[in-house]
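Okay, structure first, notes after.
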Amino acid sequence: MREALVYEKLKEGLVRCQVCQRRCLVAEGKTGFCLTKRNKGGKLVSLNYGLIRGVQLDPIEKKPFYHFRPGAWVPSIGNFGCNFRCKQCLNWWCSWGEPAQILLRKILAGEPAEIIKPEQLISDFKKAGYKSIAFTYNEPVVWAEYVLDASKLAKQEGFFTVFVTNGSWTKETLDKIGKFIDAANIDFKGFSDKTYSKMGAFFGQVPEMAKYAQEKHKIFIEITTLLIPGINDGKEELEEMTRWMVKHLGPKTPWHLSRFDPDLAPDKSFQALPQTSVKDLDKAAAIGKKSGLKFIYIWAPGQNLPGGLYAQGNTFCPKCGQLAIERTAWQPKLVGIDKNGCCSNCQEDLNVKL
């Protein structure tokens, strides 16, 4: 067990976790909402340090990142536990589901588990020729202790680091790990407490912390929204969210829209919802465009969708309209962009980090 990254000691043996925006108050012998932090004798400890659920080598576009290091391949690692209980979660088994809970209970009971030290992880990646790392699958903030140690070592070796997150980190956590994170794809599930609670999530200060990550720590930000019919596809809320993005993150912030598939949802009530239609994805994209967003992408795998795969993945210059990056699935082709990430025709900054 490793001491938690940031927490506050209170009276009568209580501690308040400061790692995520829930800021759980944890009594002696108890765990926080994420199930990964335990109060042990007035000291908050992490139960999931080094519990790596495996390594998957992915194109960075799959995370998704379309404007950060296009064409790169990145080894992706996850852990166990989550501070949300999203009813649409694709990785429920390693985040909040029973398999994750069983493993964490075993750790809590003192049973041994296979631990991969950060030094071993980065050394293995270096030997394999990797020069990057993605923290993903479950919410990285709940294993921020390991993320910090691993990303420090990664940066020493010249790696770039990316975070795939629900955005629930606190200023305290960002001020510890922010300097070691190059880019983050943040999931904007909606733009209200009401919408987030429908999903089993927690709105908190997600937008504000996205802005703080960008402004204070210069983390490159891309935003993703899984559009769920009847849950987060309301016109007014999408307008409010995209206008906020334009004002506070910038009009060239990439926004990724993806299709909800009820067959992949772990919750029965969400299994009864319809899949997202192409029409609704296009409507959401139009809202974002009207708000002023310049780069909007759609990824709708077509397994159960009439007409098959639907994607709007190409990057066009917002000034002259030239095709800058052509994408087939997750494979990008740089066709109209220079080495500085600008349009090769008119030199407009495309907010692309090559």
Side-chain angles (χ1 to χ4, degrees), residues 52-79 82 84 86 88-92 94-95 121 125 130-144 147 150-151 154-155 159-169 177-178 180-189 206 209-210 213-214 217-227 245 249 252-261 264 295-301 309 311-315 325 327-334 341 350-354:
I52 304 303
R53 55 149 285 196
V55 178
Q56 177 72 39
L57 185 62
D58 284 328
I60 199 166
E61 284 76 13
K62 190 178 178 181
K63 301 296 99 187
F65 287 97
Y66 278 16
H67 283 233
F68 184 81
R69 301 294 185 99
W73 284 76
V74 55
S76 305
I77 64 171
N79 197 282
C82 192
F84 285 10
C86 295
Q88 72 277 14
C89 183
L90 297 178
N91 295 316
W92 60 272
C94 69
S95 53
L121 180 79
F125 281 7
Y130 302 149
K131 297 295 290 183
S132 57
I133 185 171
F135 303 98
T136 180
Y137 302 127
N138 71 317
E139 174 49 46
V141 78
V142 304
W143 45 296
V147 168
S151 59
K155 298 306 291 180
F159 286 28
F160 71 78
T161 57
V162 299
F163 221 71
V164 182
T165 175
N166 61 32
S168 62
W169 42 21
I177 69 175
F180 305 107
I181 301 297
D182 292 303
N185 187 298
I186 301 175
D187 190 6
F188 275 19
K189 300 175 186 295
V206 171
M209 288 301 99
Q214 183 182 76
H217 296 288
K218 311 306 178 186
I219 296 173
F220 188 88
I221 301 294
E222 303 200 21
I223 302 296
T224 290
T225 300
L226 176 69
L227 199 67
M245 289 165 58
L249 299 180
K252 293 180 181 177
T253 302
W255 186 35
H256 302 265
L257 288 163
S258 55
R259 180 178 73 98
F260 169 74
D261 185 344
L264 302 178
F295 301 111
I296 302 172
Y297 303 103
I298 298 174
W299 177 250
L309 169 68
Q312 296 293 324
N314 292 337
T315 299
I325 305 175
R327 295 182 180 86
T328 303
W330 290 310
Q331 303 304 312
K333 182 180 180 182
L334 307 183
L350 302 177
N351 191 31
V352 174
K353 306 300 179 184
L354 298 174

Note to self: With rounding to the nearest 0.5 angstrom, report the CG to CZ distance, Asn314 to Phe295.
What the structure shows: 12.5 Å
Notebook entry, point to check: Does Glu61 reach the main-chain N or O of Pro70 with its side chain, forming a donor-acceptor pair under 3.5 Å?
Noted result: no
Margin query: Using side-chain heavy atoms (C-beta onward) and a distance below 4.5 Å, is Asp58 in contact with Lys63?
Written below: yes
Next item on the list: Evaluate the side-chain proximity of Leu57 to Tyr130: yes if any heavy-atom separation is below 4.5 Å, no if none is.
Entry: yes
Next item on the list: Indicate the atoms forming the closest heavy-atom contact of Asp187 with Thr224, along with that distance.
Entry: OD1-O, 3.0 Å
Checklist line | Residue pair Ile181 / Ser151: nearest heavy atoms and the distance that separates them | finding: CD1-CB, 4.5 Å
Next item on the list: To the nearest 0.5 Å, tell me how far Lys155 NZ sits from Phe180 CZ.
Entry: 9.5 Å
Notebook entry, point to check: Are the side chains of Thr315 and Pro332 in touch, meaning some heavy atoms are under 4.5 Å apart?
Noted result: no
Next item on the list: Hey, can you tell me if Trp143 and Phe135 have their rings parallel, tilted or perpendicular (30° and 60° cut-offs)?
Entry: perpendicular
Notebook entry, point to check: Stepwise, does the side chain to side chain contact (heavy atoms under 4.5 Å, CB included) test hold for Lys62 with Thr136?
Noted result: CA-CA 11 Å; Lys62 190 178 178 181; Thr136 180; over 6 Å; no
Next item on the list: Look only at the side chain of Asn185 and the backbone of Pro64, and say whether a donor-acceptor pair between them is shorter than 3.5 Å.
Entry: yes
Margin query: Evaluate Thr328 against Lys333 for side chain to side chain donor-acceptor pair (under 3.5 Å), listing each step before the verdict.
Written below: CA-CA 8 Å; Thr328 303; Lys333 182 180 180 182; over 6 Å; no
Notebook entry, point to check: Hey, does Tyr137 have a side-chain heavy atom less than 4.5 Å from the side chain of Asn79?
Noted result: no
Item checked: Side-chain donor/acceptor of Thr165 to backbone N/O of Gly167, under 3.5 Å -> yes
Notebook entry, point to check: Looking at Glu139 and Cys82, what are the two nearest heavy atoms and their distance?
Noted result: CB-SG, 3.9 Å
Notebook entry, point to check: What's the spacing between Asn166 CG and Asn138 CG if we round to 0.5 Å?
Noted result: 10.0 Å
Note to self: So which atom in Val147 and which in Pro140 form the shortest heavy-atom distance, rounded to 0.1 Å?
What the structure shows: CG2-O, 3.8 Å
Note to self: When you compare the side chains of His67 and Glu222, does any donor N or O come within less than 3.5 Å of an acceptor on the partner?
What the structure shows: no
Note to self: Please evaluate residues Phe68 and Phe160 with respect to the criterion ring-ring contact (aromatic ring centres under 6.0 Å, His included), reporting the C-alpha separation (whole Å), side-chain torsions for both, the decisive distance (0.1 Å), and the verdict.
What the structure shows: CA-CA 10 Å; Phe68 184 81; Phe160 71 78; 5.5 Å; yes
Next item on the list: Flag the pair Phe163 / Ile219 as yes when at least one side-chain heavy-atom distance between them is below 4.5 Å, and no otherwise.
Entry: no
Checklist line | Flag, side chain of Ser258 to backbone of Trp299, donor-acceptor distance under 3.5 Å | finding: no
Notebook entry, point to check: How far apart are the closest heavy atoms of Phe260 and Leu227, and which atoms are they?
Noted result: CB-O, 3.4 Å
Margin query: Working to the nearest 0.5 angstrom, can you tell me the gap between Leu121 CG and Ile77 CD1?
Written below: 5.0 Å
Notebook entry, point to check: Any side-chain heavy-atom pair from Thr253 and Trp255 closer than 4.5 angstrom?
Noted result: no
Item checked: Heavy-atom side-chain proximity of Phe125 to Ile133 below 4.5 angstrom -> yes
Margin query: Give me the atom names and distance for the closest heavy-atom approach of Pro75 to Val55.
Written below: CB-CG1, 3.9 Å
Note to self: Is there a side-chain contact between Asp182 and Phe220 in this structure, where contact means two heavy atoms from C-beta onward sitting under 4.5 Å apart?
What the structure shows: no
Check: Between the main-chain N or O of Tyr66 and the side-chain N or O of Arg327, is there a donor-acceptor pair closer than 3.5 Å?
Finding: yes
